[in-house]
Structure formats: C-alpha cells, structure tokens
Amino acid sequence: MTITLISQHTCFGGQQYVYSHQSHTTNCSMRFGLFLPPQALHTAVPALYWLSGLTCTEENFIIKAGAQRVASELGIALVVPDTSPRGVNLPGDHDSFDFGVGASFYVDATESPWSTHYRMYSYITQELSALIPAHFPIDNKRISIFGHSMGGHGALIMALKNQNHYRSVSAFSPICSLTKSPWGEKALSRYLGNDRTTWHEYDATHLITQHGWVGPPILIDQGTKDTFLTEQLKPDLLREACEKNHINLNLRLQEGYDHSYFFISTFIEDHLRFHATYLLNY
C-alpha cells in the first residue's frame with residue numbers, strides 16, 4: 001500500500017511524521033501521525049497507539065501532549081490515527097460535534113450510509129496495525145494502546161477485545177460505559193441501529209464482564225473538575241465491574257484537573273513509563 005508523507009520534523013532526536021494513505025477499510029483517504037524515536041534507526045521498536053477524543057485530528061496529541069521527549073528516551077514509537085473518516089460528505093456528518101466527522105466512537109458502523117466509511121474499529125485494529133510494521137521499523141509483537149475521552153473508550157474496547165495483541169492499556173477521562181452515555185446513545189443508535197444488544201460490543205464496562213482482562217493493571221487518570229465526569233464518563237461503573245470481576249484497575253482521581261490537554265500533558269509521562277514496563281520486555 002502506498003503512503004504519502006505530509007510532514008516531517010526532527011523532535012528530541014527522533015522524527016515526527018504525518019502520513020496519509022487510501023484506506024480500503026474506510027474507503028477514503030486517512031491520516032496518521034507517527035513518532036519514531038532515535039533507536040528506530042538501528043532496531044525495530046515497540047509502539048504505543050494513541051486514540052484522540054471528539055473533534056480531534058492526529059494533530060492535537062502531536063502538538064499538545066508533550067509525549068515525544070519521554071518516548072524518545074524510552075525508545076517507543078507513537079502511532080496517532082485520526083478520529084474518523086473525512087471528506088466523504090455523508091448527510092449530516094458535520095451537523096454536530098458528537099456525531100459524524102471527528103466522532104467515530106471507534107466502532108464499525110452497520111447502518112447505511114455510515115457502514116461504508118465509519119469502520120474505525122477495524123481500521124485501527126486490522127488495517128493500520130498491519131500497515132505500520134510493513135513500512136516502518138516497528139515490532140508488532142510489542143504493542144500497547146491508550147487514549148482520551150472518546151479515544152479512552154476506544155483504547156479500552158480495543159484492548160479488551162484483542163488481548164493477545166495489546167500488552168497494556170491506559171486512558172485519560174475515558175467514556176467508561178458508552179451505552180449509558182448520552183454521547184454514546186446518540187452515536188450508537190445511528191451507527192449500529194436501535195437494537196441495543198449490538199451496542200454491548202463497544203461498551204468497556206460490559207466487555208470487562210464478558211471478556212475479563214488478563215493483562216497488567218488498567219491505568220486510568222480522571223480529573224475531578226471534568227465537566228463531563230458525571231453525565232458522560234461514569235468511571236464508577238467501570239470500577240464496579242472491575243471489582244466484581246477481580247480486574248486490577250488503577251483509577252486515579254486527580255484533584256482539580258479538567259478534561260483538557262493541560263490535564264493530559266501533566267500526566268502523560270506517567271502513562272508512557274507505565275506502558276514502557278510492558279513494552280520494553282521481550
């Protein structure tokens with residue numbers, strides 16, 4: 001598959017790239033960010049995938065999170081896909097911030113017209129997962145995943161459903177039960193239809209009960225001043241499910257922090273070093 005270089009910048013001794021490619025999963029052009037640490041010049045390195053939240057592109061994390069310094073030190077690549085298909089111009093896909101463009105919720109849509117393009121779950125877990133090691137020095141046996149808000153939800157469901165692929169998972173302010181979030185109810189009813197039983201495959205709290213988790217502790221940071229905490233994110237539901245199913249969840253409530261990248265940049269080093277514990281072991 002052909003990939004096209006959009007931009008390249010030297011950063012902490014490594015290289016921050018943005019590429020585009022024609023996706024056979026989403027049937028449109030997709031973009032992704034990739035940070036390769038300097039160690040990638042000499043050997044295949046592990047990769048940590050970041051999934052961003054509502055309205056974001058690959059650019060938000062690359063510019064605002066401040067992750068490259070520590071990733072360079074540790075020798076870990078950062079893969080940052082976009083949050084949805086773009087440029088397909090479906091009816092209503094730009095009408096609101098929480099549905100359509102920038103709001104895929106990382107599901108595989110089954111309802112027309114969304115099912116032709118909005119297949120971000122398969123795009124990330126299958127197509128992008130194969131494309132990255134095919135073009136870059138990435139050790140595809142050492143892969144982990146994390147994300148923020150909608151992307152935190154995406155990271156959790158992908159790890160829980162692909163436990164042989166992802167070594168570890170963490171999240172900032174994730175939507176912990178998409179079927180009980182107003183954002184999720186709106187999106188799932190349109191992407192998947194009104195049969196709510198089909199929604200469970202994209203609900204982290206449900207998946208904990210269904211699949212368990214055999215990996216290391218799940219790390220979640222949640223700000224106490226997050227305006228979405230009570231109505232949309234519902235971390236207590238995930239904590240209860242983990243307790244009932246004897247899953248080790250490290251849910252850290254960070255006093256005074258909100259939902260922004262100020263919060264993410266404060267604790268990003270903790271998450272990188274957490275994942276390094278599992279990624280740097282052969």
Side-chain angles (χ1 to χ4, degrees), residues 33 35 46-53 56 60-62 64-71 73-81 83 106 124-125 129 142-178 202-205 207-208 211-224 226 228-229 233-239 241-243 245 247-254 257-281:
F35 175 74
L48 180 55
Y49 282 65
W50 170 268
L51 304 185
S52 296
C56 291
N60 296 76
F61 180 81
I62 291 170
K64 297 179 181 179
Q68 292 94 338
R69 176 183 62 82
V70 178
E73 172 198 329
L74 296 171
I76 295 174
L78 300 171
V79 182
V80 188
T83 51
Y106 301 102
I124 292 166
T125 60
S129 181
R142 292 187 292 155
I143 305 295
S144 292
I145 193 166
F146 66 155
H148 171 234
S149 193
M150 177 185 73
H153 140 78
L156 289 171
I157 64 168
M158 289 181 191
L160 291 169
K161 295 175 71 170
N162 299 275
Q163 299 194 29
N164 292 327
H165 185 61
Y166 298 107
R167 289 194 174 190
S168 52
V169 61
S170 72
F172 292 83
S173 314
I175 306 170
C176 292
S177 182
L178 195 61
Y202 298 106
D203 185 305
T205 297
L207 291 172
I208 282 287
H211 297 296
W213 171 247
V214 297
I218 298 170
L219 173 62
I220 291 179
D221 275 319
Q222 173 62 62
T224 61
D226 191 323
F228 304 116
L229 175 58
L233 307 180
K234 304 182 187 298
D236 287 342
L237 295 178
L238 185 65
R239 177 167 52 192
C242 287
E243 289 173 352
N245 292 278
I247 306 299
N248 192 346
L249 170 66
N250 183 10
L251 174 58
R252 308 193 307 184
L253 298 178
Q254 304 292 1
Y257 285 89
D258 58 20
H259 200 71
S260 71
Y261 266 85
F262 294 107
F263 167 52
I264 294 169
S265 63
T266 300
F267 298 102
I268 193 70
E269 182 169 350
D270 288 0
H271 284 245
L272 291 168
R273 296 193 183 281
F274 163 78
H275 289 290
T277 301
Y278 309 101
L279 287 173
L280 299 182
N281 294 324

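Position 1 is the first residue of the sequence; numbering continues from there. Because only heavy atoms are used, hydrogens play no part in the values below, and waters and symmetry mates are left out as well, while side chains stay in.
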Worksheet item: Under 3.5 Å, is there a donor-acceptor pair between the side chain of T83 and the main chain of C56?
Response: yes

Worksheet item: Looking only at heavy atoms, which two atoms of M158 and L51 are closest? And how far apart?
Response: SD-CD1, 3.8 Å

Practice prompt. First locate atom NZ of K64, then atom CD1 of I268, and finally report the distance between them rounded to the nearest 0.5 Å.
Written response: 14.0 Å

Worksheet item: Do side-chain atoms of S265 reach the backbone of A65 as a donor and acceptor pair under 3.5 angstrom?
Response: no

Discussion item. Among residues at least two apart in sequence or on other chains, which ones pass ring pair (Phe, Tyr, Trp, His ring centres under 6.0 Å) with Y257?
Written reply: F263, F267

Worksheet item: Which residues satisfy the ring pair (Phe, Tyr, Trp, His ring centres under 6.0 Å) test with F262, sequence neighbours excluded?
Response: none

Worksheet item: Quick one: CD1 on I220 to OG on S170, what's the gap to the nearest 0.5 Å?
Response: 8.5 Å

Practice prompt. Identify the heavy atoms of Y49 and S129 that sit nearest to each other, and give their distance.
Written response: OH-CA, 3.7 Å

Worksheet item: With distance as the sole test, does T205 use its side chain to make a donor-acceptor pair with the main-chain N or O of C176 at under 3.5 Å?
Response: yes

Discussion item. Can you pull out every salt bridge (charged side-chain N to carboxylate O under 4.0 Å, His left out) where at least one residue sits in residues 163-175? Sequence neighbours excluded, please.
Written reply: none

Worksheet, complete the sentence: The complete set of side chain to side chain donor-acceptor pair (under 3.5 Å) pairs with one or both residues in residues 213-222, sequence neighbours excluded, reads D221-R252, D221-Q254, D221-H271, Q222-D226

Response to the item:
With sequence neighbours left out, the residues meeting side chain to side chain donor-acceptor pair (under 3.5 Å) with H148 are none

Item to complete: Find the distance between CG (N250) and CG (N248) and round it off to the nearest 0.5 Å.
Response: 7.5 Å

Practice prompt. Working to the nearest 0.5 Å, report the span between OG of S177 and CG of D203.
Written response: 3.5 Å

Fill in: For T277, all residues meeting side-chain contact (heavy atoms from CB on, under 4.5 Å), sequence neighbours excluded
none

Item to complete: Only counting residues at least two apart or in another chain, list the ones meeting side-chain contact (heavy atoms from CB on, under 4.5 Å) with Q68.
Response: C11, F12, Q16, F35, I62

Fill in: Approximate separation, where rounding is to 0.5 Å, of F172 CZ and Y261 OH
9.5 Å

Fill in: side chain to side chain donor-acceptor pair (under 3.5 Å) involving D236 - partner list, sequence neighbours excluded
R239

Worksheet item: At what distance, to the nearest 0.5 angstrom, does CD1 of I208 lie from SG of C242?
Response: 4.0 Å

Worksheet entry | T125 and N162: CA distance, side-chain angles, deciding distance, side chain to side chain donor-acceptor pair (under 3.5 Å) verdict | CA-CA 8 Å; T125 60; N162 299 275; 5.0 Å; no

Please output the side-chain donor-acceptor pairs of residues 149-157 that fall under 3.5 Å, not counting sequence neighbours, one pair per line with the distance.
unit_1	atom_1	unit_2	atom_2	d
S149	OG	H259	NE2	2.9
H153	NE2	F105	O	2.9

Worksheet item: Who pairs with Q163 by side chain to side chain donor-acceptor pair (under 3.5 Å), at least two apart in sequence or on another chain?
Response: none

Worksheet entry | Where at least one partner belongs to residues 157-166, residue pairs that pass salt bridge (charged side-chain N to carboxylate O under 4.0 Å, His left out), sequence neighbours excluded | K161-E201

Worksheet, complete the sentence: Heavy-atom nearest pair, A276 first then L74, reads CB-CD1, 3.8 Å

Fill in: Pairs meeting criterion salt bridge (charged side-chain N to carboxylate O under 4.0 Å, His left out) with involvement of residues 144-153, two or more places apart
none

Item to complete: State which residue, out of I76, I143, V80, fulfils the side-chain contact (heavy atoms from CB on, under 4.5 Å) condition with L48.
Response: I76

Item to complete: Answer yes or no: does atom CG of N164 have more than 12 heavy-atom neighbours from other residues, nucleotides or ligands under 6.0 Å?
Response: no

